[in-house]
There are 2 protein chains.
Amino acid sequence: MLDDLAAAGADLRSDMLLLDQQLCFSLNAATRAFGSVYRTALKDLGLTYPQYLVMLVLWEHGELPVKRLGERLRLDSGTLSPLLKRLEATGLVARERSPQDERSVIVSLTPAGRDLRDPARAVPRHIGAAAGLSLAELRTLRELLTRLTANLDAAEA
Amino acid sequence: MLDDLAAAGADLRSDMLLLDQQLCFSLNAATRAFGSVYRTALKDLGLTYPQYLVMLVLWEHGELPVKRLGERLRLDSGTLSPLLKRLEATGLVARERSPQDERSVIVSLTPAGRDLRDPARAVPRHIGAAAGLSLAELRTLRELLTRLTANLDAAEA
DNA sequence: GACGATTGAGTTGTGCGCAATTGAATAGCG
DNA sequence: CGCTATTCAATTGCGCACAACTCAATCGTC
């Protein structure tokens, strides 16, 4: 089959297959390598990588319901609920039912959670250096990943 | 410090910080979106996404020790051992101690595992279509991810 | 206002990912 | 040869991710 296509001079499709397979390897490897560097960088802050991502959103937005947090991070309540309980247990975050809609839970920063923002500023600097890619390359990478995610999510639905 | 740089007309560094933060979001989102599409595509085969990655390596190499499998996939025995036990339980894979070196375990395909390769060929085609990126873009993406991983791993060590 | 449908969090169960540890087999050095 | 150090797989413990489900609150329609 591969020979047939090669013989036809159009191995574009088989290239696509190989690339896709290689892409799933490299995407997974990159995510875990990224996570690994973040993990060591976040160790002093007492945060895991996913917890740090949640804190980033909260530092940006101040407070918001679990639903919005999940949309922003592409995570559902099955993941967020226990994670937020842990963040609450460490005193970084507060959770309370919205008075307007008793179904939703508003997640907000405690003073300790806000105070963590400053020491956390060192983290992306460290990662940026370790990544070793140019600004243009990082931009390209982010843009491709964003489009890939949008396309995949659209195809899924 | 950020102000100093901005005053110098070079917010390249702060751009880097923002980009890095956005990159960790998009990288995570993309990985999970990818995994989600693979999950549904692999449902009929009875494989999870990580199990599929293991099978890909085995389909390519025939058989190899757990160590090599882990190097190829950037996974350690803590992840692979239970995963391989599950693949063994479903009858796709066999595990046996190497006679040359009793420490290492050789993982090989059973006939059922080999037979799964043909129906599995439909999977990357489906993902490639859902990705919605050009061949050139996929190539660029893979290349950037590979370099990113290499750089991060080097920085980690 | 009553009621079925929908929405938002939470829980449970399964599997992945990693750090830390264990234990057995091998390699290397004196 | 004997002893230590290293290597490899497996295990344990913890946290993340997701599917499936529960339950309460809200919305829509009548």
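Lettering follows sequence order; numbering is per chain, from 1. As a basis for the values below, the full set of heavy atoms in this structure was taken, side chains included, without hydrogen atoms, waters or symmetry mates.
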What is the distance, to the nearest angstrom, from the [atom1] atom on [X] to the [atom2] atom on [N]?
{"X": "A:L83", "N": "D:dC18", "atom1": "CG", "atom2": "P", "result": "12 Å"}
{"X": "A:E96", "N": "C:dA9", "atom1": "CD", "atom2": "P", "result": "13 Å"}
{"X": "B:R97", "N": "D:dT7", "atom1": "CZ", "atom2": "C1'", "result": "12 Å"}
{"X": "B:L84", "N": "D:dA9", "atom1": "CG", "atom2": "C1'", "result": "10 Å"}
{"X": "A:E156", "N": "D:dC18", "atom1": "CD", "atom2": "C1'", "result": "12 Å"}

Legend entry - Pairing residues for A:E60 by the side chain to side chain donor-acceptor pair (under 3.5 Å) criterion, not counting sequence neighbours: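 For A:E60, the residues satisfying side chain to side chain donor-acceptor pair (under 3.5 Å) (neighbours in sequence not counted) are A:R72.
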Inset, instruction - Please figure out whether A:A33 or A:P82 has its closest DNA chain C nucleotide nearer the 5' end. - result: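 Upstream on the strand: A:P82.
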Legend entry - Residue whose closest nucleotide on DNA chain D lies nearer the 5' end, B:N28 versus B:V66: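 Mapping each residue to its closest nucleotide by heavy atoms, the 5'-most match is B:V66.
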Inset, instruction - Looking at every strand, decide which applies to A:P65 at a 4.0 Å heavy-atom threshold: base, sugar-phosphate, or nothing. - result: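 Sugar-phosphate contact only - A:P65 comes under 4.0 Å of backbone atoms but never of a base.
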Inset, instruction - Could you name each residue pair satisfying ring-ring contact (aromatic ring centres under 6.0 Å, His included) that touches residues 50-76 of chain B, not counting sequence neighbours? - result: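 Pairs touching residues 50-76 of chain B that pass the test: B:Y38-B:Y52.
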Legend entry - Transitive ILVMFWY side-chain link B:I106 to B:L75, under 4.5 Å: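 No: no chain of side-chain contacts under 4.5 Å links B:I106 to B:L75.
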Legend entry - Charged N-O contact under 4.0 Å between A:R147 and A:E143: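 Answer for the salt bridge query: yes.
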Legend entry - Presence of salt bridge, A:E71 and A:R68, under 4.0 angstrom: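 A salt bridge is present here (some side-chain N lies under 4.0 Å from a carboxylate O).
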Inset, instruction - Measure the shortest side-chain to side-chain distance between B:Q51 and B:T90 over non-hydrogen atoms and say whether it is less than 4.5 angstrom. - result: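 With C-beta onward as the side chain, the pair stays apart.
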Legend entry - Closest contact, heavy atoms only, B:L83 versus B:P50: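 Result for this residue pair: CD1-CB, 3.8 Å.
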Legend entry - Nearest non-hydrogen partners of B:T149 and A:A30, listed with the distance: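 So the two residues come closest at OG1-CA, 3.0 Å.
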Legend entry - Residue-level proximity of residues 98-107 of chain A to DNA chain D when a heavy atom falls under 4.0 Å: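 Per residue number, the list reads A:Q100, A:D101, A:E102, A:R103.
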Legend entry - Close residues, residues 34-55 of chain A, relative to DNA chain D [heavy-atom separation under 4.0 Å]: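 Those residues whose heavy atoms fall under 4.0 Å from DNA chain D, taken from residues 34-55 of chain A in numerical order, are A:T48, A:P50, A:Q51.
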Legend entry - Chi angles and distances behind the side chain to side chain contact (heavy atoms under 4.5 Å, CB included) call for A:T140, B:L141: CA-CA 8 Å; A:T140 301; B:L141 184 52; over 6 Å; no
Inset, instruction - Return the residues of residues 67-80 of chain A meeting this criterion: a heavy atom under 4.0 Å from some atom of DNA chain C. Order them by number, or give none. - result: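 Contacting residues: A:K67, A:S77, A:G78.
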Inset, instruction - Any chance you could measure B:S81, atom OG, to B:D76, atom CG, to the nearest 0.5 Å? - result: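 Separation between the atoms: 8.5 Å.
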Inset, instruction - Would you mind listing every side-chain hydrogen bond (donor to acceptor under 3.5 Å, both in side chains) that reaches into residues 102-112 of chain B, with sequence neighbours excluded? - result: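 Sorted result for residues 102-112 of chain B: B:D101-B:R103.
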Inset, instruction - Ignoring backbone atoms, establish whether B:R32 has a side-chain N or O less than 4.0 Å from OP1 or OP2 of D:dC18. - result: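 Answer yes for this pair, as a side-chain N or O of B:R32 is under 4.0 Å from OP1 or OP2.
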